[in-house]
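Keep in mind that this is a model prediction, so the values were computed, not measured. Protein chains get the first letters and strands the later ones, always in sequence-line order, with residue 1 at the start of each.
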Number of protein chains: 2
Amino acid sequence: MAIGIKDVAARAGVSTATVSHVLNGNRPTRPTTRQRVLQAANALGYAQNQAARNLAVGRSSLFGLVISDIRNPFFPEISAAFQDQALLHDMDAVVLNTNYDDHRMLNSVKRLIGLQVAGVAVLTSEIDPAVTALLEEREIAAVYLDLGKVDRLVANISIDYEHGIAEALEYLGQLGHRRIAYIGGPPHLLSARRRKQAFLDSMRATGLEAGHAIDADFGVKGGYFACSKLLAASTESVPTAIVAANDLTAIGVLHRAHDGNLRVPEDLSVIGFDDILMAEFTQPALTTVAVPRSEIGRTAFQALWSMLGEPGGEPGAAGREFRLGTRLIKRQSALPPRTPPEERDASDQS
Amino acid sequence: MAIGIKDVAARAGVSTATVSHVLNGNRPTRPTTRQRVLQAANALGYAQNQAARNLAVGRSSLFGLVISDIRNPFFPEISAAFQDQALLHDMDAVVLNTNYDDHRMLNSVKRLIGLQVAGVAVLTSEIDPAVTALLEEREIAAVYLDLGKVDRLVANISIDYEHGIAEALEYLGQLGHRRIAYIGGPPHLLSARRRKQAFLDSMRATGLEAGHAIDADFGVKGGYFACSKLLAASTESVPTAIVAANDLTAIGVLHRAHDGNLRVPEDLSVIGFDDILMAEFTQPALTTVAVPRSEIGRTAFQALWSMLGEPGGEPGAAGREFRLGTRLIKRQSALPPRTPPEERDASDQS
DNA sequence: GTGAAAGCGCTAACAT
DNA sequence: ATGTTAGCGCTTTCAC
């Protein structure tokens, strides 16, 4: 069943070396030979045995992609973009979920090492230092998300929350808002800390009056209750705009604001992040700071790819820092009107 | 850098064969030797070189999982369940998106064959016959979704829409509904056809009065307009309940029903499928027929796993048919009330 | 421009 | 219970 390089060689009347070289384009071959080989390979339906190839080359055509959980809508787009790039370069990706578990994360990386992956992208929110250490020791190219470091075999992607939030605040300013509150995420998450800091810095920079900043849980419920607190303040300190650290939080805010039995500023404006992508669907009225998911995936691949040297040759480029911008998506965010459905169409499956 | 089996053998003072056997548990070893080997492996941070192993064994520790598009919320859960099972059996999965493209699907399978995968799960809606043929020819274990066939190396998973819809209709009957309409999906999709047929059969069986059955596009918009048509009918033929072939369609129906300017039965009931999972989130009031996504993923893995024989030994079990049931999730589906947020929490990510 | 042959790291007979 | 060793299918040096 297994059709090997020998079969192709035999059929083409050449040596296996030639077949190999034709297939990998590693050295010039006479066009006629080339033809014969290609034809033979095709006729036999030959598929290169990657296992053997990898063994010989010492590295596989696999990249590892470690994410928190593919069920979290934040990741599918990243993963898809990563794989699309991989396909373009004739590589494949093994995507592993850590389920937010450090131990499982380390294990995943060990598995990947066993698979002889050519590189690993770790795009989870928190990264176990043991992982970076392991990858470094094994001299495997790696790219991380919002990890500070960069090295010969370590690239880093960071999201420009600072600019994104500044943009959002500017927008609110144009709308006439002056008292702006913030609802953050769990302080133990790096992204939550960075977003909050960006908000505070940006407020200071623009000279706007910082309302309260409350930490919540990145969930709908957290946003809901945080909003209660904010709106229950004495009249002159009730914010007229709220920036929420992610979209679920923002959805919670909107829910609360329209539940009634609460004094809500006429023109309350809410801004969220489009982290989990449902925002647009569930709350077509929510203005969001869009995180460039596809770009993250694409960039992660490129980062790894660029660090890859020739199998036994030059070392490839050094890792570097990639900074990705956000996009402010403006939708009226005061009252979620009940409108006819958007022309969106996310369907077709099963 | 690369730590090989020899290093472990040396450090443990045994032969490579012993190390191999300890690691794979292929033959009894004296506990003390076992210990020494394990310890040495651990101390060195040894990770089995899968490429070499696969080459020797003739088969990799990889399963292929071919899906339409991981960005479609139907798939992440399937994929995650599949991978969780894989992990349990010390295997890995390479997940490939076809983007609903036959050509890309065939290509994906070819890639997987090159990777020497031990089996392939093709869980897309439509399956190119060339794919089944190729897999069959290469004698690779395969499992499909709603493909009729079953064979020595071909398993099949089918969803029991029939029962699911019957259950839904029974429920509507209990609620007192008699005139029930149906909005289907694009007839070129197998799942759409199967669901529609199940509806019609079930209606006939229960003796309920079948309202109109309209084909739509599996999208929100399609549901919206189909609903317009249904409710615009002459009074005595206006349905009091609508079954929609997927959840986006159902959401469209709900949107339309509550847009005003249309005569809507007091107690209009709507039932959808929870295909894309957002239904619960966006429309907590929609009763749905739940497709068992995780179970599909889990079953797909099990199907492949059971067909795997010993590398060079017995052939493993023959492929068989797996039938998976649906679950009817009852939520009031008449008027989507604007309530405080559910205690749901899908949050936490980067 | 092409071929012969030595491994890549592991497994699995076959020995002991 | 453990060691020796011949490949697995490919790449790649070294000859030609």
Side-chain angles (χ1 to χ4, degrees), chain A residues 1-38 40-41 44-61 90 113-118 138 310-313, chain B residues 1-38 40-41 44-61 90 113-116 118 138 309-313:
Chain A
M1 282 312 84
I3 290 131
I5 199 173
K6 280 189 199 158
D7 303 302
V8 178
R11 195 183 222 268
V14 297
S15 74
T16 61
T18 302
V19 174
S20 172
H21 285 121
V22 165
L23 262 37
N24 299 292
N26 286 352
R27 78 182 183 191
T29 14
R30 196 185 304 153
T32 65
T33 335
R34 218 184 111 70
Q35 277 318 310
R36 282 221 311 291
V37 170
L38 258 27
L44 295 170
Y46 169 71
Q48 229 180 13
N49 181 331
Q50 295 295 330
R53 170 169 225 281
N54 303 345
L55 182 56
V57 177
R59 174 215 286 168
S60 80
S61 59
D90 204 43
I113 292 179
L115 287 172
Q116 308 292 109
V117 291
R138 287 305 211 282
E310 294 307 306
Chain B
M1 282 311 83
I3 290 130
I5 199 174
K6 281 189 197 156
D7 303 301
V8 178
R11 195 183 220 270
V14 297
S15 75
T16 61
T18 302
V19 175
S20 172
H21 285 122
V22 165
L23 263 37
N24 299 293
N26 286 353
R27 74 183 185 193
T29 15
R30 196 185 305 152
T32 65
T33 336
R34 218 184 111 71
Q35 277 317 309
R36 282 220 311 291
V37 169
L38 259 26
L44 295 171
Y46 169 73
Q48 230 180 13
N49 182 331
Q50 294 296 331
R53 170 169 226 278
N54 302 345
L55 182 56
V57 178
R59 175 214 286 168
S60 81
S61 59
D90 204 44
I113 292 178
L115 287 171
Q116 308 292 111
R138 287 304 211 281
E310 294 308 306

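Following rounding to the nearest Å, A:Q35 (CD) and C:dG1 (P) show an atom-to-atom distance of 16 Å. Spacing between atom NZ of B:K6 and atom P of C:dG7 amounts to 10 Å, rounded to whole angstrom units. Rounding to whole angstrom units, CD1 of residue B:I113 and C1' of D:dG9 are separated by 17 Å. Nucleotide C:dG9 holds its P atom 15 Å from the CZ atom of A:R59, rounded to whole Å. The distance from atom NE2 of A:H21 to atom P of D:dC14 is 13 Å, rounded to the nearest whole Å. Atoms CG (B:L23) and C1' (C:dC10) sit 11 Å apart, rounded to a whole Å. Here C:dT2 presents its P atom at 11 Å from CZ of A:R34, a figure rounded to the nearest Å. If you take CD of A:Q50 and C1' of D:dG9, they are 12 Å apart, rounded to a whole angstrom.
Distance from the side chain of B:A56 is smallest to D:dC8 among D:dG3, D:dC8, C:dA4. Set against D:dA1, D:dC8, D:dG3, the side chain of B:A17 has D:dG3 as its closest nucleotide. Of the candidates D:dG3, C:dG3, C:dC10, C:dC10 carries the atom nearest the B:Y46 side chain, counting heavy atoms from C-beta on. Closest to the side chain of A:T33, from the set C:dC10, D:dT11, C:dG1, is C:dG1. Of all nucleotides listed (D:dC10, C:dT2, C:dT11), C:dT11 comes nearest to the side chain of B:T16. The side chain of A:I5 sits closest to D:dT11 out of D:dT11, D:dA1, D:dT4. Closest to the side chain of B:V57, from the set D:dA1, C:dA12, D:dG3, is C:dA12.
Evaluation of the side chain to side chain donor-acceptor pair (under 3.5 Å) rule for A:T18 yields A:S15 as partners, not counting sequence neighbours. Residues passing the side chain to side chain donor-acceptor pair (under 3.5 Å) test with B:R27 are B:H21, sequence neighbours excluded.
B:S60 contributes a side-chain N or O that, together with a main-chain N or O of B:Q116, makes up a donor-acceptor pair within less than 3.5 Å. Counting only distance, with no hydrogens or angles, the side chain of B:R59 and the backbone of B:A118 share no donor-acceptor pair below 3.5 Å.
Using a 4.0 Å heavy-atom distance criterion, B:G4 is classed as a sugar-phosphate-only contact. Using a 4.0 Å heavy-atom distance criterion, A:Q48 is classed as a sugar-phosphate-only contact. As judged by a 4.0 angstrom heavy-atom cut-off over every strand, B:N54 is placed among residues making no nucleic acid contact. As judged by a 4.0 angstrom heavy-atom cut-off over every strand, B:T29 is placed among residues touching the sugar-phosphate backbone only. The residue A:V14 sits close only to the backbone: its heavy atoms come under 4.0 Å of sugar-phosphate atoms, none of a base.
Between A:T18 and the phosphate of C:dG3, there is a side-chain N or O to OP1/OP2 separation shorter than 4.0 Å. Between B:N26 and the phosphate of C:dA12, there is a side-chain N or O to OP1/OP2 separation shorter than 4.0 Å. The shortest distance between the side-chain N/O atoms of B:S15 and the OP1/OP2 oxygens of D:dT2 is not below 4.0 Å. Considering only side-chain N and O atoms, A:N49 lies nowhere under 4.0 angstrom from the phosphate OP1 or OP2 of D:dC8.
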Kindly determine whether B:L38 and B:L23 satisfy side-chain contact (heavy atoms from CB on, under 4.5 Å), including the steps that lead there.
CA-CA 8 Å; B:L38 259 26; B:L23 263 37; 4.1 Å; yes
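For a distance-only test at 3.5 Å, the side chain of B:R53 fails to qualify as a donor-acceptor partner of the base of D:dG9. Judged by distance alone, with hydrogens and angles left aside, A:R27 brings a side-chain donor or acceptor within reach of the base of C:dT2, the pair sitting under 3.5 Å.
Inter-residue side-chain proximity for B:S61 and B:D90 is flagged as unmet; no heavy-atom pair is nearer than 4.5 Å.
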